[in-house]
Amino acid sequence: MPAPLPTVRFAPSPTGRLHVGNIRTAVLNWLFVRKAGGRFMLRLDDTDRERSTEAFAAGIAEDLAWLGLAHDLFARQSDRMDRYDEAIARLKSAGRLYPCYETPPELERRRARQRQAGRPPVYDRAALRLDEGARARFEAEGRRPHWRFLLPNFDADPLRPDHRETVFEDLIRGRQAIDLGSMSDPVLVREDGTVLYTLSSVVDDIDFAVTHVIRGEDHVTNTGVQIALFEALGAAGPRFGHHSLLTGADGRGLSKRDGSLSIEAMRAEGLEPLAIVSHAATIGTSGPVRIFASLEAAVADFDLGALSRAPARFEMAELEALHARLLHERPFDLVAERLAAIGIGGGAPFWDAVRGNLRRLDEARAWWQVVEGPVQPVIEDAELLEKAVRLFPQGPVDEATWGAWTKAIGAASGRKGRALYHPLRLALTGREAGPELRLLLPLIGRERALKRLSGETA
Ligand code: GLU
């Protein structure tokens with residue numbers, strides 16, 4: 001039999017926009033499967049109809065597309081209810097899904113009693129003792145059952161669960177053992193008939209032949225249950241890899257509510273998608289965070305084994321620094337189109353002159369205006385500027401002009417250092433600081449330079 005096509009899925013709930021935490025899961029999945037030559041699926045876990053919205057669903061797709069994380073497969077769980085119903089019927093007929101009638105307050109009271117008695121608050125499977133008559137009485141009272149999955153943690157008598165480990169080899173964390181004997185049977189179907197993620201996810205992973213599930217380590221315990229569900233549904237199940245979670249600067253988990261960490265906000269802020277992807281691909285690995293020249297380069301470099309098990313701390317300053325480095329290293333041909341789109345000319349010489357001064361690509365606009373004008377010069381030292389006008393070298397203005405010119409002005413005026421350069425910069429650019437004048441001067445050109453040195457707006 002040929003090896004199955006590597007298939008992963010990124011499965012956000014459309015109950016909010018993507019943020020640095022969940023985008024990392026998307027990036028790890030995407031890089032992993034591109035490197036393996038397989039398929040990336042976007043799956044919207046939208047069984048929670050109250051909190052899921054179309055706007056969030058569209059926003060998630062938009063964020064992924066903007067980051068360049070194209071998907072090969074798409075599904076939304078709300079379209080697949082029939083498949084979940086079939087799985088539910090199958091589990092019921094195999095005796096693996098049983099009806100329970102306890103109300104939330106009843107369950108809470110029971111858990112409180114268990115805690116008081118020093119026992120873990122695990123569901124005691126009381127519903128398994130109900131006979132037909134008892135169930136009928138509950139129904140007659142108007143109660144609707146919720147349905148629990150009978151975990152395979154007993155020999156013959158489910159009322160006597162046992163220590164029973166599900167062991168799996170995690171792609172990131174190594175061997176994991178989850179004790180099903182200390183867990184409550186999970187609810188898979190609510191009173192109103194809606195299915196819970198634990199089940200719908202397994203059904204989808206089977207139907208779409210998902211081979212690798214890469215997700216946050218908050219799902220490790222779920223994995224114990226889901227492996228049992230794959231088995232109960234007669235499927236082999238995927239491999240699992242659980243990455244550590246990002247924390248905020250305070251060491252606590254990142255919150256979805258922190259809007260500034262959304263991809264949408266970062267995009268509005270003008271961050272380059274490649275910086276975000278590079279950061280997500282390298283944070284929490286054994287290597288330093290670093291910039292990739294392209295998504296392809298990030299794919300080629302990717303190694304799930306490089307992920308560390310320790311939580312990684314997200315710091316905006318680190319992403320900003322990486323982003324600045326991306327701009328500073330970006331070759332002209334990769335930005336040419338975008339510069340043209342915002343009306344910037346000057347070609348590679350302009351880009352090479354200004355890129356080291358940018359925190360955001362569109363800041364190049366302001367420097368383009370310094371080149372093209374009009375610039376209102378700032379006159380600090382009129383005497384020096386007069387000399388500068390007289391000494392402006394003949395011939396074409398090129399990168400050698402600045403050196404020869406300032407040398408001559410220095411010799412004629414006795415000025416050096418800041419006293420020499422600062423008045424020239426203020427007159428030529430109207431600004432205190434900026435890109436190297438050696439590179440800007442040829443772009444500004446003789447005519448505009450001479451006007452500005454004479455105090456004319458040009
Ligand atoms: N919708 C789930 C979540 O966002 C997906 C988890 C999974 O990858 O299985 O937590």
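Please read these numbers as outputs of a predicted model, since none were measured by experiment. Order of appearance sets the numbers: ligands from 1, and atoms from 1 within every ligand. Residue numbers start at 1 and run along the sequence shown.
Annotation: D45 places an N or O atom under 3.5 Å from an N or O atom of ligand 1; distance criterion only. Taking only nitrogen or oxygen atoms, main chain and side chain alike, A11 reaches within less than 3.5 Å of ligand 1.
Note that R355 lies outside the cation-pi zone of W367, set by a 6.0 Å cut-off to the ring centre and a 45° limit from the axis.
The protein non-hydrogen atom at the shortest distance from atom 6 (C) of ligand 1 is Y197 OH, 3.1 Å. If you check which protein heavy atom lies closest to atom 10 (O) of ligand 1, you get H219 NE2, 2.9 Å.
Scanning for side chain to side chain contact (heavy atoms under 4.5 Å, CB included) contacts around E86 gives R83, with sequence neighbours left out.
Note: H279 and F314 have perpendicular aromatic rings, judged against thresholds of 30 and 60 degrees for the angle between ring planes.
Contact analysis puts R9 in contact with ligand 1, with a non-hydrogen atom separation below 4.0 angstrom.
Annotation for ligand 1: atoms under 4.0 Å from non-hydrogen atoms of S13 are 1 (N). Residue R215 has at least one heavy-atom neighbour below 4.0 Å for each of these atoms of ligand 1: 7 (C), 8 (O), 9 (O).
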Quick one: side chains of residues 65-72, donor-acceptor pairs under 3.5 Å with protein atoms, not counting sequence neighbours, listed by atom name and distance.
residue : atom : partner : partner atom : Å
D72     : OD2  : R34     : NH1          : 3.4
D72     : OD2  : F40     : N            : 2.7

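One finds no salt bridge joining D85 and K92 here, because no Lys/Arg side-chain nitrogen approaches an Asp/Glu carboxylate oxygen to under 4.0 Å.
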task: Test side chain to side chain contact (heavy atoms under 4.5 Å, CB included) on Y98 and R148 and set out the steps.
output: CA-CA 5 Å; Y98 62 96; R148 289 187 190 259; 3.8 Å; yes
